[in-house]
Amino acid sequence: GSTGGGGGASAPGATGFTPPKIEALKSLGASEGQVNLVAWAGYAEDGSNDPKVDWVHPFERASGCKVNTKVAGTSDEMVTLMKTGEYDAVSASGDASLRLIASGTVAPVTTDLVPSYKDVFAGLKLKPWNSVGGVAYGIPHGRGANLLMWRTDKVTPAPDSWSVVFDPASPYKGKLTAYDSPIYIADAALYLMATKPGLGIKDPYALDDKQFQAAVDLLKRQRQNVGEYWSDYTKAVQAFKSGDTVAGTTWQVIANLAEADKAPVKAILPKEGSTGWSDTWMVAAKAQHPNCAYKWLDWIISPKANAQVAEWFGEAPSNSKACAETADKGFCDTYHATDEDYFSKVHYWTTPIAQCLDGRTGVKCKDYSEWTRAWTEIKG
Amino acid sequence: MPDQSVAVRLRGLRKSFGPVEAVAGVDLEIADGEFFAMLGPSGSGKTTVLRMIAGFESPTAGSVELGGRDVTRLAPFERDVNTVFQDYALFPHMSVLDNVEYGLRVKKVGRAERRERATAALRSVRLEGFERRGPAQLSGGQRQRVALARALVNRPRVLLLDEPLGALDLKLREEMQVELKELQREVGITFLFVTHDQEEALTMSDRIAVFDRGRIEQVGTPAEVYERPSTPFVAGFVGTSNLISGEAAKAVLGRDGTFSVRPEKLRLALDADAPVGADEHGAIGTVAEVVYAGAATRFVVDLDAGGRLMVLQQNRDVSSMEVTELRGARVRLVWNRRHEFAIVP
Amino acid sequence: MPDQSVAVRLRGLRKSFGPVEAVAGVDLEIADGEFFAMLGPSGSGKTTVLRMIAGFESPTAGSVELGGRDVTRLAPFERDVNTVFQDYALFPHMSVLDNVEYGLRVKKVGRAERRERATAALRSVRLEGFERRGPAQLSGGQRQRVALARALVNRPRVLLLDEPLGALDLKLREEMQVELKELQREVGITFLFVTHDQEEALTMSDRIAVFDRGRIEQVGTPAEVYERPSTPFVAGFVGTSNLISGEAAKAVLGRDGTFSVRPEKLRLALDADAPVGADEHGAIGTVAEVVYAGAATRFVVDLDAGGRLMVLQQNRDVSSMEVTELRGARVRLVWNRRHEFAIVP
Amino acid sequence: MSVPLPGTPVAPASPPGRMDRPPGPRRRLAAALHRHAGVRLSLLLAAPLAWLGVAYLGSLAALFVTAFWSTDSFTGDLVRTFTWANFHDVLTIEVYRTVALRSLGVAVAVTLIDAVIAFPMAFAMAKLASPRTQRWLVIAVLTPLWASYLVKAYAWRVMLSSDGLLGWGYGLWATIATLSYLWLPYMILPIYAGLERLPDSLLEAAGDLGARGWRAFRTVVWPLTFPAIVAGSVFTFSLSLGDYIAVKIVGGRSQLIGNVVYDNIGAANNLPFAAAVATIPVVIMLVYLAAVRRTGALESL
Amino acid sequence: MNLSRGARLALRLALALGLVVIYVPLAIVLLNSFNADRTFAWPPTGFTTRWWSAAWGSSGVRDALWTSVKAGAGATAIALVLGTMAAFAVQRHRFFGRDTVSLLIVLPIALPGIVTGIALNNAFRTILEPFGVGLGLFTVIVGHATFCVVTVHNNVLARLRRTGRNAEEASADLGADPFTTFRLVTFPMMRSALLASGLLAFALSFDEIIVTTFTAGAGVRTLPIWIFENLFRPNQAPVVNVVAAALIVLSVVPIYLAQRLSGTTSTH
Ligand SMILES: Nc1ncnc2c1ncn2[C@@H]1O[C@H](COP(=O)(O)OP(=O)(O)OP(=O)(O)O)[C@@H](O)[C@H]1O
Ligand SMILES: Nc1ncnc2c1ncn2[C@@H]1O[C@H](COP(=O)(O)OP(=O)(O)OP(=O)(O)O)[C@@H](O)[C@H]1O
Ligand SMILES: [Mg+2]
Ligand SMILES: [Mg+2]
């Protein structure tokens with residue numbers, strides 16, 4: 001990986017916190033008959049929304065585990081839900097996973113018990129957001145980058161930099177959009193990393209007071225130009241289509257949907273790189289149905305299911321063999337699934353903690369609750 | 001040239017509510033300063049007529065004139081009449097004084113004059129000292145007087161009263177009848193008064209219109225209406241109607257037909273052979289029932305010739321002991337022929 | 001040994017609502033089979049007494065006995081009385097028949113007997129053919145009769161009636177008075193009847209208790225109460241009270257004190273010099289007011305000696321023309337001394 | 001005039017039959033209850049009070065206590081040591097005041113708009129429509145309550161978008177419009193009920209005494225239906241004050257107090273701080289309820 | 001009614017306009033359910049019925065609907081019992097703190113849903129969890145019942161005030177004990193009020209999302225939650241429109257029935 005790339009940074013876990021001692025499952029036993037999941041919408045489709053989209057029932061038939069899914073809207077809801085202890089497994093994004101590990105909510109995963117794990121892209125294994133000290137805490141599920149999208153008819157010249165959304169004198173005042181979450185502060189940090197090297201930002205998720213303040217100030221200035229913040233993609237697609245929004249962060253799937261609906265948009269990974277996400281299936285420390293949970297973990301990253309999820313949800317699959325299983329043969333190319341170079345520019349979401357994730361010692365970094373407060377202040 | 005001395009004139013007034021013809025053609029003239037009663041059973045259209053005069057309902061046909069001016073199409077607030085509602089309709093959120101001042105306030109009468117006139121109106125209904133109370137803190141009779149003051153203070157040409165005494169108990173009601181009558185004499189305003197109580201209508205009014213099923217059956221002074229009812233309905237509704245018909249009429253009166261004589265016109269002779277004068281009629285019978293009513297006693301007499309007659313006899317010199325002993329007695333009823341009247345069915 | 005012939009016995013009955021003493025000590029005995037009226041102005045505590053007998057209110061002090069048994073602490077449904085409520089309180093969601101059957105149904109009387117008894121009760125109030133109607137489809141008088149049938153069908157020891165005729169209009173009310181009275185005679189049940197209408201009480205009841213401010217002022221037959229009122233309140237409330245006092249009493253009656261004589265006891269002599277008999281008193285005055293009331297005329301006479309007296313005169317032979325001409329006439333009022341009674345203030 | 005009675009009258013008073021049967025246990029219980037009003041009251045009140053007084057108020061109190069704790073920023077676990085920090089932050093950091101005031105403004109605006117729209121509608125329903133039509137109108141007003149709140153909010157998003165039916169764009173005004181729309185039925189119904197209770201004769205009396213439309217409205221209708229309006233406003237006010245979803249859909253870049261609470265519990269998993277922020281709308285509502293309590297509005301909801 | 005022609009006209013116009021305002025967005029929902037565009041592009045890009053068939057085939061909708069019905073029915077039942085009891089206590093008894101009871105009942109609806117939501121969530125988790133009871137349908141019902149009580153309470157209270165105690169006293173007078181009286185007289189007379197308030201309570205519960213969010217457990221997906229989850233998926237948003245449109249149409253039935261029933265029995 002490249003410098004600062006989420007994939008290549010020194011593993012903070014090595015020097016970082018010590019998670020509570022929790023034993024991983026040693027061997028698989030009999031299935032418990034059911035499993036409770038916390039998942040992103042679209043990660044555990046059982047055909048109830050669209051009969052054609054169903055990888056839960058095949059799993060149930062194959063494993064004998066009935067699946068109960070609770071869909072969470074945000075990473076933070078996931079954390080909250082997992083803390084209730086009612087759930088066995090969770091599809092945690094990087095901004096949730098460390099919190100789950102640190103609070104002892106999830107247990108390490110014995111990857112040997114997940115046969116499909118061997119096919120997962122190397123660039124996703126044992127990363128700071130899914131492992132601590134070289135111990136895997138979950139199975140990577142998929143990934144995606146937060147892209148820059150714009151209306152080709154309204155934004156000229158075509159941008160290649162995030163500056164189009166961060167420039168205070170943007171001609172698109174009131175027509176910009178940004179992702180509505182505290183983690184978006186990292187996008188600003190990423191931009192500053194490239195444009196203000198003096199700040200010394202190495203990892204957009206490890207910001208000390210000064211760096212953090214700079215990012216917050218940038219976002220406060222940006223707010224003057226923002227038309228709306230988005231958090232769900234129906235809203236994002238609709239805003240781009242109607243022209244209420246002409247430029248801003250997006251996900252590949254949104255770009256695809258907007259294009260499919262004939263909106264004149266284009267999405268790129270800007271030259272500064274971008275933030276992104278990689279989700280990890282984790283097992284609860286107090287799982288009541290651990291065997292079924294493991295079976296689910298293996299199932300969901302098996303080539304066929306992984307391909308189905310990726311296509312339905314709109315992300316790059318984590319299993320290298322999944323690309324062969326997609327219905328749309330060009331799918332993996334569209335989502336750069338095998339393009340490690342592309343993903344090397346992506347800084348995956350990671351929960352900011354007081355201990356700087358970039359390995360700095362002697363300074364305290366801003367933790368996520370401070371990010372949250374700041375986000376409230378930014379939005380005003 | 002409008003006739004200034006006619007306070008209210010109704011011409012061919014009709015009102016239908018869907019299929020129901022509540023008022024079926026009413027013509028009426030009420031003179032300035034009259035105390036005029038509209039009497040009739042429930043549902044006979046009295047309220048509806050009143051509401052058309054006030055302007056709350058618009059007639060289906062016909063016209064309403066006030067003081068010679070056609071007001072049929074005018075809104076209530078453009079008419080020079082005021083109403084005392086059956087339920088008084090006092091504004092519950094205003095004090096007695098504010099209620100009474102309301103009409104003046106709306107007409108932008110100055111504060112001082114307003115206060116003065118309202119106080120005078122309250123005095124005239126004997127409610128000094130109640131100014132600050134709310135309607136909820138008043139008794140029924142007091143509320144009625146506030147409603148009256150509230151209407152009178154505007155010095156309307158005509159005051160409409162819809163059974164203003166209906167909700168009061170008998171004693172209070174009798175007192176209020178006297179007060180109302182005196183008040184009307186004092187202020188000289190035309191009162192148009194709705195009631196279904198015959199005695200109330202008879203004792204209070206200068207003239208009475210008897211309503212039935214949306215029509216006026218008879219208009220006249222109390223005595224005219226009581227003593228010379230023009231239809232069987234009026235005869236029955238205003239006072240007790242003693243009917244003699246068929247065989248009995250033949251035997252007693254020597255005539256065919258249906259005749260009526262008021263109970264108080266009958267003299268009860270304890271001697272069945274009591275003499276009957278030349279201008280008199282008489283009938284023999286047995287006292288079936290004696291009802292002592294304090295000031296008077298009512299006797300129900302079964303006539304030998306058939307039928308029964310009610311006799312009213314003032315308890316002037318007799319005591320209740322004496323009258324109740326009469327049950328079962330043989331008596332002769334005697335009355336002056338001029339008090340009989342034929343009923344045209 | 002409880003006295004079986006006493007239907008209701010109240011001893012020292014009291015009821016306070018917070019600071020208001022609604023009933024301030026009532027002792028009363030009502031005999032089996034009596035038609036007993038409780039008469040009094042609004043707020044005098046009649047309803048409260050009735051409600052304590054029925055069991056809806058529990059007395060603050062005192063006791064209620066029914067048929068010699070102390071029921072003070074029993075619930076309404078444990079007492080052998082039934083009530084006809086002022087507003088009838090018919091169950092709006094039940095048909096007439098279901099209403100009447102209710103008491104029997106609750107007592108688990110068999111279907112057939114229930115139906116039979118209810119039908120008989122409806123027949124006795126002349127409501128055959130109305131079984132299937134709902135209360136909303138009945139007139140006021142019909143509703144009242146359903147309420148009556150509903151209570152009577154249970155054959156209670158005592159029937160309580162709280163102003164059952166209050167809501168009816170005058171004509172209907174008079175008819176119902178007669179019906180009610182006959183019904184009571186027929187069934188022989190003790191009727192305890194609340195009213196504020198003096199005439200109603202006088203004409204219908206065997207005995208009357210006159211209430212004032214939570215107390216019984218007098219108990220007696222109608223004639224006793226009317227002719228020999230024991231307090232000024234009773235004198236004033238039951239019938240019109242003509243008072244002669246002070247100077248006038250001295251001049252006319254030759255005595256000090258306050259005396260009363262009923263208007264119907266006064267004879268109006270058009271000749272101011274008309275002779276006055278030995279057992280009679282007379283007074284000279286001027287007719288101030290003549291009120292024609294159909295069956296009778298009321299004269300208000302200002303006495304020369306001071307004070308004013310009301311005179312009631314049956315319109316037997318006179319017509320209204322003749323009587324109204326009397327306004328302003330000099331007249332002599334004559335009455336038998338035995339009709340005077342002294343008022344102890 | 002006599003009434004002939006049928007030959008088979010109701011049987012004469014028989015000796016009381018009712019008392020002869022020994023009363024069953026239910027009747028004895030009923031009789032005992034009759035004599036003990038206090039027991040009756042306790043039985044009636046026990047369950048509602050346990051539910052609302054103990055369980056609900058208890059939960060609120062517990063939440064309030066939480067506001068004095070803190071969370072471990074990394075693990076998200078509660079740290080149960082007393083601290084004023086949350087309240088200190090809420091009171092001193094300006095953004096919370098701004099957001100609170102903005103939310104208050106939105107709630108007030110929504111309430112006023114709804115009152116202005118609802119009143120004439122309710123008036124026409126209650127006083128001009130025939131009883132039959134009234135029933136249909138009530139249905140017409142109630143029906144939208146069954147269409148999902150979210151779907152309606154999204155329909156507004158579609159209308160407000162720059163190429164939509166209205167094309168006003170998103171922002172605070174869009175939020176106010178959408179919330180006004182969403183809560184309108186909750187305002188119409190109480191006002192309608194209040195106007196229905198207002199006797200026509202009072203309006204007629206006003207007209208009779210010379211008051212024209214506007215004056216009659218101001219002096220009679222308004223003061224007498226005020227409690228009903230306040231009742232409606234309790235709904236619109238509290239629903240607006242706590243909303244965080246509609247504003248996300250049409251609010252553009254604005255946020256309300258509900259979002260702050262939600263972000264802190266949902267996003268930051270910081271229940272103590274969320275509880276401290278939540279105290280703001282609670283206090284506002286309590287003040288509001290206390291202010292309107294005397295009008296009798298709370299019983300017209 | 002003594003209103004000028006102009007005023008009448010203006011008021012009728014206001015009513016008509018208000019109804020238009022109420023129904024235009026609903027019409028858009030209906031229209032969008034046939035909109036070929038997945039994100040409700042305006043004007044609609046084309047006509048399609050595929051969302052309707054998708055909704056028809058969606059078991060998720062049906063499950064969620066069923067969950068909502070269960071939650072609504074449960075909450076309504078509890079609210080009916082509690083609300084009626086409280087109304088009887090307040091109307092039929094004088095006691096210290098009577099006003100406070102009324103205030104207490106209003107509180108859950110007067111406080112913002114998110115406050116009720118997090119308070120209950122916190123309480124459930126700290127109190128129920130030690131007993132091994134997690135969030136589930138039960139907790140949703142509890143949460144909903146809490147704020148539904150007020151509609152029943154106020155409706156029943158108003159009805160009790162209006163009907164007075166006469167009929168009940170008549171029943172007691174005729175020998176019925178209070179239990180029988182309740183069954184035969186009180187309950188039938190209150191039926192329409194209970195029906196109306198129950199319907200309103202059900203509607204409140206049926207469309208509640210905020211408290212639900214915080215009180216629903218795993219696998220408990222009420223219709224609003226389902227809508228919430230699906231509205232934000234581009235492929236599903238049109239199906240959500242279908243569901244909403246269908247609900248609007250279907251809702252007329254229960255409301256109409258309730259109106260009819262209450263209309264015929266409440267003439268007194
Ligand atoms: N707004 C209305 N709609 C329909 N019918 C009405 C209306 N107002 C009155 N009616 C009907 O018109 C008829 C006459 O009613 P009105 O109120 O004038 O009678 P009334 O003589 O005043 O009777 P009451 O003595 O009972 O007051 C009745 O049959 C009544 O039902
Ligand atoms: N439930 C109550 N609470 C408080 N005061 C009451 C109550 N019931 C009656 N009172 C008061 O007790 C007094 C007697 O009332 P009651 O109803 O017995 O009078 P009444 O003789 O029946 O009068 P009316 O002829 O008006 O019916 C009145 O002053 C009344 O205000
Ligand atoms: Mg009338
Ligand atoms: Mg009474």
Side-chain angles (χ1 to χ4, degrees), chain D residues 18 26-27 30 41 44-45 47-48 51-53 56 59-60 62-63 66 117 120-121 123-125 127-128 135 138-140 142-152 154-156 158-159 163-164 200 204 207 213 234 238 241-242 244 258 261-262 265 274 278 281-282 285 289 298-299 301, chain E residues 1-4 7-8 11-12 14-15 18-19 22 25-26 28-29 40 42 82 85-86 88-89 93 95 102-106 108 110-115 118-120 122-123 146 149-150 154 157 175 177-179 203 207 209 224 227-228 231 240-241 244 247-248 251-252 255-256 259 263:
Chain D
R18 194 185 305 172
R26 199 180 67 174
R27 273 187 96 81
L41 176 62
L44 282 176
L45 270 182
W51 189 290
L52 291 169
Y56 181 65
S59 304
L60 286 179
L63 183 68
T66 313
I117 298 178
M121 290 182 71
F123 195 93
M125 283 168 68
K127 297 294 176 196
L128 298 183
R135 193 175 301 169
V138 171
I139 293 177
L142 277 173
T143 304
L145 292 184
W146 294 80
S148 165
Y149 152 92
L150 289 161
V151 173
K152 283 183 286 183
Y154 239 97
W156 270 81
V158 171
M159 291 200 307
D163 59 354
D200 283 356
E204 289 176 351
V234 171
S238 82
L241 206 57
Y244 65 88
V261 176
Y262 184 80
I265 176 119
V282 171
M285 270 327 288
L289 288 181
L298 303 189
E299 289 166 7
L301 286 174
Chain E
M1 276 302 307
N2 51 315
L3 283 172
S4 70
R8 273 163 191 276
L11 283 168
R12 289 224 164 88
L15 178 58
L19 287 174
I22 288 177
L26 298 186
I28 286 179
V29 169
F40 323 130
W42 193 262
L82 294 183
M85 288 169 85
F88 268 86
H93 296 267
F95 55 91
S102 308
L103 190 65
L104 190 61
I105 283 166
V106 172
L111 294 187
I114 191 162
V115 176
I118 61 179
L120 289 178
N122 184 39
T146 304
V149 170
V150 66
N154 282 344
L157 196 66
D177 62 52
F179 304 109
D207 197 26
I209 179 150
I227 289 175
F228 191 74
L231 194 55
V240 169
N241 265 326
L247 280 181
I248 298 168
S251 70
V252 175
I255 301 180
Y256 177 72
Q259 282 281 316

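Every chain is numbered from 1, with letters handed out A, B, ... down the list of sequences. These numbers come from a predicted model, not from an experiment.
- Under the ring pair (Phe, Tyr, Trp, His ring centres under 6.0 Å) criterion, D/Tyr56 pairs with no residue at all, not counting sequence neighbours.
- Closest approach of E/Leu11 and D/Phe123 over heavy atoms only: CD1-CD2, 3.4 Å.
- Annotation: side chain of D/Leu150 is not in contact with side chain of E/Val240 (no heavy-atom distance under 4.5 Å).
- Looking at D/Lys152 and E/Pro25, their side chains never come closer than 4.5 Å, going by heavy atoms from C-beta outward.
- The part of D/Tyr154 that comes within reach of chain E is its side chain, from C-beta onward, which places non-hydrogen atoms under 4.5 angstrom from that chain.
- The CG atom of D/Leu128 sits 5.0 Å away from the CZ atom of E/Arg12 when rounded to the nearest 0.5 Å.
- In terms of heavy atoms, D/Arg27 sits closest to E/Asp177 at CG-OD2, 3.6 Å.
- Heavy atoms closer than 4.5 Å to chain D are found in both the backbone and the side chain of E/Phe88.
- Residues D/Leu44 and E/His93 are in side-chain contact: their nearest non-hydrogen atoms beyond the backbone lie under 4.5 Å apart.
- Taking both residues in full, the closest heavy atoms of E/Leu120 and D/Ser59 are given as CD2-OG, 3.8 Å, listed atom of the first, atom of the second, then distance.
- Put simply, the side chain of E/Asp207 does not reach to within 4.5 Å of the side chain of D/Leu145, judged on heavy atoms.
- In this structure, the side chain to side chain contact (heavy atoms under 4.5 Å, CB included) partners of D/Ala62, at least two apart in sequence or on a different chain, are E/Asn122.
- Highest contact tally toward chain D, considering only E/Val149, E/Val29, E/Leu103, E/Ile118, is held by E/Ile118 [criterion: heavy-atom pairs under 4.5 Å].
- Using a 4.5 Å cut-off between heavy atoms, E/Ile22 contacts chain D through both its backbone and its side chain.
- The shortest side-chain heavy-atom distance between E/Leu26 and D/Pro144 falls under the 4.5 Å cut-off.
- Counting heavy-atom pairs under 4.5 Å between each of D/Val151, D/Ile117, D/Thr66 and chain E puts D/Val151 at the top.
- Using a 4.5 Å cut-off between heavy atoms, D/Leu289 touches chain E through its side chain atoms alone.
- Among E/Leu19, E/Thr146, E/Ile105, the residue with the largest count of heavy-atom pairs under 4.5 Å with chain D is E/Thr146.
- Screening D/Leu60, D/Leu241, D/Val261 for a side chain to side chain contact (heavy atoms under 4.5 Å, CB included) with E/Val115, the sole residue that qualifies is D/Leu60.
- The two residues D/Met285 and E/Pro112 come nearest to each other via the heavy atoms CG-CD, 4.0 Å.
- Counting heavy-atom pairs closer than 4.5 Å to chain E, the top-ranked of the candidates D/Ala30, D/Pro281, D/Ala278, D/Gly258 is D/Ala30.
- Listed options E/Ala123, E/Ala244, E/Pro108, E/Pro178 were ranked by heavy-atom pairs under 4.5 angstrom with chain D; first place goes to E/Pro108.
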